[in-house]
Amino acid sequence: MATKNPKPGSSDQPITLRRGEGGEPHQQASRKRGDDRSGVLTTNHGVAVSDNQNSLKAGPRGPVLLEDFHLREKIFHFDHERIPERIVHARGSGAHGYFECTEAIPELSRASLFAEKGKRTEVFTRFSTVAGSKGSKDTPRDVRGFAVKFYTDEGNWDLVGNNIPVFFIQDAIKFPDLIHAVKPEADRMFPQAASAHDTFWDFVSLLPESTHMLTWLMSDFTLPRSYRTMQGFGVHTFRLVNAEGESTFVKFHWRPRQGTQSTLWDEAVKISGADPDFHRRDLWEAIQAGDFPEWDFAIQAFDLETAQSLPFDVLDATKLIPEELVPLRVIGRMVLDRWPDNFFAETEQVAFLPHNVVPGIDFTNDPLLQGRLFSYLDTQKSRLGTTNFFQIPVNQPKCPFANLNRDGMMQTQIPTGRANYEPNSLGEAGEDAGPREDPEGGFTSFRGTGEDNDASEKLRIRPESFADHFSQARMMFASQTEIEQAHMASAFVFELSKVELEHVRTRMLSQLRNVDEGLAQRVADGLAMPLPKAAPAAAPTLDLDPSDKLSIVKQGDPPLKGRKVGVLFDEGSDKAALDALREGIEEAGGTAFFVAPKVGELKLKGGTMKAHGQLAGSPSVLFDAVACAIMPEQAKKLAQDGAALQWFMDAYGHCKTIGYCPATKEFILDKLDLAIDAGLVPNAEFLGIAPARHWDREPKVRLLA
Ligand code: HDE
């Protein structure tokens, strides 16, 4: 016997099996007939739907009828919901916001977004991992994409960069090989989102130009704490061009105002189990809380003479320009303040195109960049299915745009008028005659000076100036603090120990000897392998000056603002102590996340409280620092619980600050034999040092290479 229909769409009532008794959905829809159809569920073609719970059947237990157009349309649409994921950078998250020019640079660029201090331009920014597929975890060891679409009043500018200033390869022709090598292996389709496997290391060990990037990949930069704590780089050398047509070389940089911060490898691995959406959730939570992430936008601008004086080629994307040689100049900031309304429509369908530049910004002959200028337009046809992908709202320019490109699949515009060709004599521009070119304001490519480009011959060749593959890798290693060097050496050991082909490990060791003898020896020791002869180097390796900016630890402790502190409590905890912790954390701009063995209302000394998260589901890897305020009885109980002990052991092992109360100390920390150090403090001293990492502790808890 069928039950009565509930109100359609009410979430607290079960859905019924059969309509016709009570008939409320009918009545609801019919009430909306006529002009007022807001809120009415309709088919794609606008017909109001009377019943979204039951398909149309011949009799109560009879077959479903083909005539049910609502059912067929609904399932048809669902069947085609997925579009191909991005070949690379499939996993990502994006947000809307704005760019603000903080220093005008008309002398360098005629781009309108840099014309005036205070001028704001809307942006959409997408962060991503590279290797993993769309549903993969957020925290693998990987490069992160940092792509920004600026909706300028002169058209869209897409700065499609990464969180690492250099790249693996020098020429776009190697990109398909690189990506095939790093993606899950072709015959077995694993490992997912990981470079620690044979084919990747086989390829890169055969490609010495990748060595500098490998030192970045094995550094802490590829284990970011959050999208909000990542730097961004345009990677290639671009050009700025002013109103006089003069060009200046430029590298673009994003610097997070939240500070640059990474996790430890062990932490990243555990986070991926506890919360595979760690970075996506973090960005969402920050924006929902009104704690909008911000980046400074800086340029390294330099002329041809400076470019020619550098000991490497500025067209080579495996090289960076140390800030000590060409300082950063901050000219803007970006604020991300709005999460998209719909993830698919915006974040999934956003199409970044490095060829999207505006007058005042131009390309160089970097052969990697030149290949990208083709690839991104091409890939959108595969992913989004039509040349009209630019009409999707997130991709559309926000300034007026018009041309004579016509028709195509999924054309959503209705061009008016007769002219779909040019030149024509059907009237004035913009009227019947359609749009006309603008020789003054339109984009003109920088003509080149002849000094920086010899285009006289057609050659498949790498310039001599691209031949030094090791000097900057050596500089990168030398610029790290001792603990970061140990992380890097350990990362090489970890990744190479996953490589089963011994000759690949050996070849990689021989490349590392060109970077740093000590590093090569440590990695060889970590693998228990003999050190092979150094690989031949195509050019002499230079001892460049280390650059402090290449180290995360040298930038100092991260702030408490924008960070999350886990506070463990249990029944009987002192509410006043918990309130004091929360107030202190919030005053400093952080978030206090309360964790308890049970999430319901717990009786405390001086009140009651609900936890935000249950202990087993809220491991300490999800927090930047932890504190605990419990009574002796509960401490004794928690000392029997693996999840509770692991909570403290992980926080300790990941060098985090731990705030404790007397019972925590006596029954848990002492039981775990955690030696008191500068990061293990009574709760009263906790706030002053909360999110700092206590690196001195690490050699005591982990054998690093
Ligand atoms: Fe990409 N890259 N890439 N890439 N890339 C793509 O474009 C490609 C490179 C980067 O959030 C694809 O729309 C080639 C460098 C980001 O949607 C594809 C080469 C840098 C994103 C493509 C490179 C990047 C992509 C896949 C060698 C840093 C994600 C889907 C010449 C400066 C953007 C798509 C987003 C995405 C091709 C090298 C950054 C296949 C051929 C260097 C951040 O077109």
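Just follow the structure's listing: the first ligand is 1, and inside any ligand the first atom is 1.
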For ligand 1, find out whether one of its N or O atoms is nearer than 3.5 Å to an N or O atom of [X].
X: Asn162; value: no
X: Arg383; value: no
X: His236; value: no

query = Between the side chains of Thr306 and Asp303, does any donor sit under 3.5 Å from an acceptor?
reply = yes
- Are side-chain N/O atoms of Glu209 and Thr318 paired as donor and acceptor at under 3.5 Å? no
Should the pair Phe127 and Phe146 be assigned to parallel (<30°), tilted (30 to 60°) or perpendicular (>60°) ring geometry? perpendicular
Please state whether Gly161 comes within less than 4.0 angstrom of ligand 1, counting heavy atoms only.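 For ligand 1, residue contact (heavy atoms, under 4.0 Å) with Gly161 is present.
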ask   = Hey, is there an N, O or S on Ser375 sitting under 2.8 Å from atom 1 (Fe) of ligand 1?
value =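 So Ser375 does not count as coordinating atom 1 (Fe) of ligand 1.
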* With backbone taken as N, CA, C and O and side chain as the heavy atoms from C-beta onward, which portion of Tyr376 lies under 4.0 Å from ligand 1: side chain, backbone, both, or neither? ->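 It is both backbone and side chain that touch ligand 1.
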Contact partition for Val88 relative to ligand 1, non-hydrogen atoms under 4.0 Å: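 Contact part for Val88 vs ligand 1: both backbone and side chain.
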Hey, looking at atom 13 (O) of ligand 1, which of Gln380, Arg86, Lys174, His89 has the closest heavy atom?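 Heavy atom nearest to atom 13 (O) of ligand 1 belongs to Gln380.
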* Counting each atom of ligand 1 from 1 as listed, which ones have a heavy atom of Thr379 under 4.0 Å away? ->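 Near Thr379, meaning under 4.0 Å from one of its heavy atoms, ligand 1 has 7 (O), 13 (O), 30 (C), 34 (C), 44 (O).
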